[in-house]
Every structure is written in structure tokens, then in C-alpha cells.
Amino acid sequence: MTMPKTRHERGAIAAMYAGLGLTVVATIAPYADRATTHLLADHIRAGYPAFSRPRVDSAVTTYLVLLSVIGALGVLAWLGTAWAVKAGKRWARPAATVMFVLGTSVGLTGLLTEDTSGETGLPPVLGWAGLAPCLAGLLAVALLWRRPRPVTQ
């Protein structure tokens with residue numbers, strides 16, 4: 001494996017690992033919520049007051065599965081793009097850009113999409129947690145596309 005050639009590539013890889021960490025945290029957050037604060041269950045119950053407890057629990061479980069799959073795909077995307085940059089692959093910058101656009105789209109969907117109750121599907125705290133890794137992605141993409149400064153003598 002070759003080392004990244006430029007300071008910008010090294011910074012982009014560091015941002016990608018930060019994004020990986022944020023993705024793991026965002027994936028674990030709904031499980032922590034289920035065990036402690038119950039924001040997701042309360043949010044579903046508020047939007048659908050006629051739902052029985054088992055139906056709310058089923059909806060929470062469905063969200064956990066969906067968010068886990070999204071989180072796992074995010075982890076694979078971070079690892080794959082970091083590897084591509086480290087390996088000096090020519091397609092690394094476009095791939096990282098595509099992953100950033102896809103991740104941001106998924107994050108915004110989780111944050112902003114309303115369900116049939118008229119409320120967002122996720123409570124805002126979990127929606128923002130899902131969008132947090134995109135900040136690292138923005139930094140990584142910006143660093144990857146930044147032109148190296150000419151060396152002055």
C-alpha cells in the first residue's frame with residue numbers, strides 16, 4: 001500500500017476516519033436511545049397516538065434495522081474511499097464525491113422526510129446525528145479536490 005502523496009490527501013484520509021467514527025456513533029445512537037431516552041418511540045407514539053405499544057415497538061425495530069443497514073453501508077463507503085485515496089487510485093476523488101452526495105442525500109432524507117402523520121419520520125436529534133458524518137465528508141472532498149500549491153523557491 002502506498003502512502004498518500006500530498007498533505008491534502010493525508011488530511012482527507014483523516015477526515016474520512018473522523019466520518020467513519022461519526023457514522024458508527026450515528027448508527028449506535030438509535031440503540032442507545034432505545035435503551036435509555038426512548039425519543040424514537042415517543043416520536044412515533046406522538047405522531048400515531050392510536051398505535052398500540054407492540055405496534056410502536058415494531059416501528060422502532062423497523063427503524064433500527066433500516067438505520068443499521070444505512071450505517072453499515074456508510075462504514076463500507078468510508079473504508080472503501082479511504083483505501084482508494086491511500087492506494088492512489090485515479091477514481092478516488094470522483095468516488096469520494098459520489099459517496100458524499102449519496103451520504104448527504106440519505107442524511108437529509110432522514111432529517112427532513114415527513115411521514116403520514118405530518119411529522120418527520122425520525123426525531124430531530126437522530127436526524128441530525130445521521131447528518132453529522134456529512135460534515136467530515138465535505139471536508140474530505142474539499143481537500144481531495146484542492147489543488148496543491150506550487151513550491152516556491
Side-chain angles (χ1 to χ4, degrees), residues 1-6 8-45 47-48 51 54-146:
M1 184 179 326
T2 62
M3 288 298 295
K5 298 172 193 72
T6 70
H8 294 145
E9 288 174 340
R10 288 189 298 274
I13 291 169
M16 289 177 186
Y17 285 128
L20 173 63
L22 289 169
T23 299
V24 170
V25 169
T27 304
I28 293 170
Y31 290 95
D33 168 65
R34 185 179 204 180
T36 58
T37 60
H38 307 285
L39 289 173
L40 182 55
D42 291 345
H43 184 76
I44 293 167
R45 195 173 297 107
Y48 299 94
F51 275 16
R55 194 157 180 199
V56 170
D57 290 343
S58 176
V60 169
T61 300
T62 300
Y63 266 113
L64 289 175
V65 169
L66 176 66
L67 294 171
S68 296
V69 169
I70 291 169
L73 292 172
V75 165
L76 291 174
W78 286 116
L79 292 173
T81 52
W83 169 82
V85 172
K86 280 184 183 177
K89 300 295 183 184
R90 289 178 27 180
W91 47 266
R93 289 189 309 172
T97 304
V98 168
M99 292 300 123
F100 167 69
V101 169
L102 289 173
T104 301
S105 298
V106 169
L108 287 171
T109 299
L111 179 66
L112 301 173
T113 300
E114 292 183 2
D115 63 18
T116 56
S117 72
E119 296 293 323
T120 57
L122 289 174
V125 170
L126 294 179
W128 282 109
L131 199 56
C134 300
L135 297 174
L138 178 62
L139 177 59
V141 169
L143 288 169
L144 286 174
W145 287 100
R146 190 167 181 183

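Starting from 1, each residue takes its place in the sequence as its number.
For the atom pair CG (L76) and OG1 (T23), the distance works out to 11.0 Å, reported to the nearest 0.5 Å. Atoms OG and CZ, from S105 and F100 in turn, are 9.0 Å apart once rounded to the nearest 0.5 Å. The CG atom of L64 sits 10.5 Å away from atom CG of D57, with the distance rounded to the nearest 0.5 Å. Rounding to the nearest 0.5 angstrom, the gap separating the CG atom in L108 from the CG atom in L131 is 5.0 Å. With rounding to the nearest 0.5 Å, the separation of CG in L40 from CG in L67 is 7.5 Å. To the nearest 0.5 Å, the span separating CE on M99 from OG1 on T97 amounts to 10.0 Å.
Residues passing the side-chain hydrogen bond (donor to acceptor under 3.5 Å, both in side chains) test with R34 are T61, sequence neighbours excluded. Partners of R93 according to the salt bridge (charged side-chain N to carboxylate O under 4.0 Å, His left out) rule, which considers only residues two or more places apart in sequence or in another chain, do not exist here. Partners of D115 by salt bridge (charged side-chain N to carboxylate O under 4.0 Å, His left out), not counting sequence neighbours: none found.
Minimum heavy-atom separation, T109 to T113: O-OG1, 2.8 Å. Here the closest heavy-atom approach between residue M16 and residue A140 is recorded as CG-CB, 3.9 Å.
In this structure, the side chain of H43 does not engage the main chain of E119 through any donor-acceptor pair within 3.5 Å.
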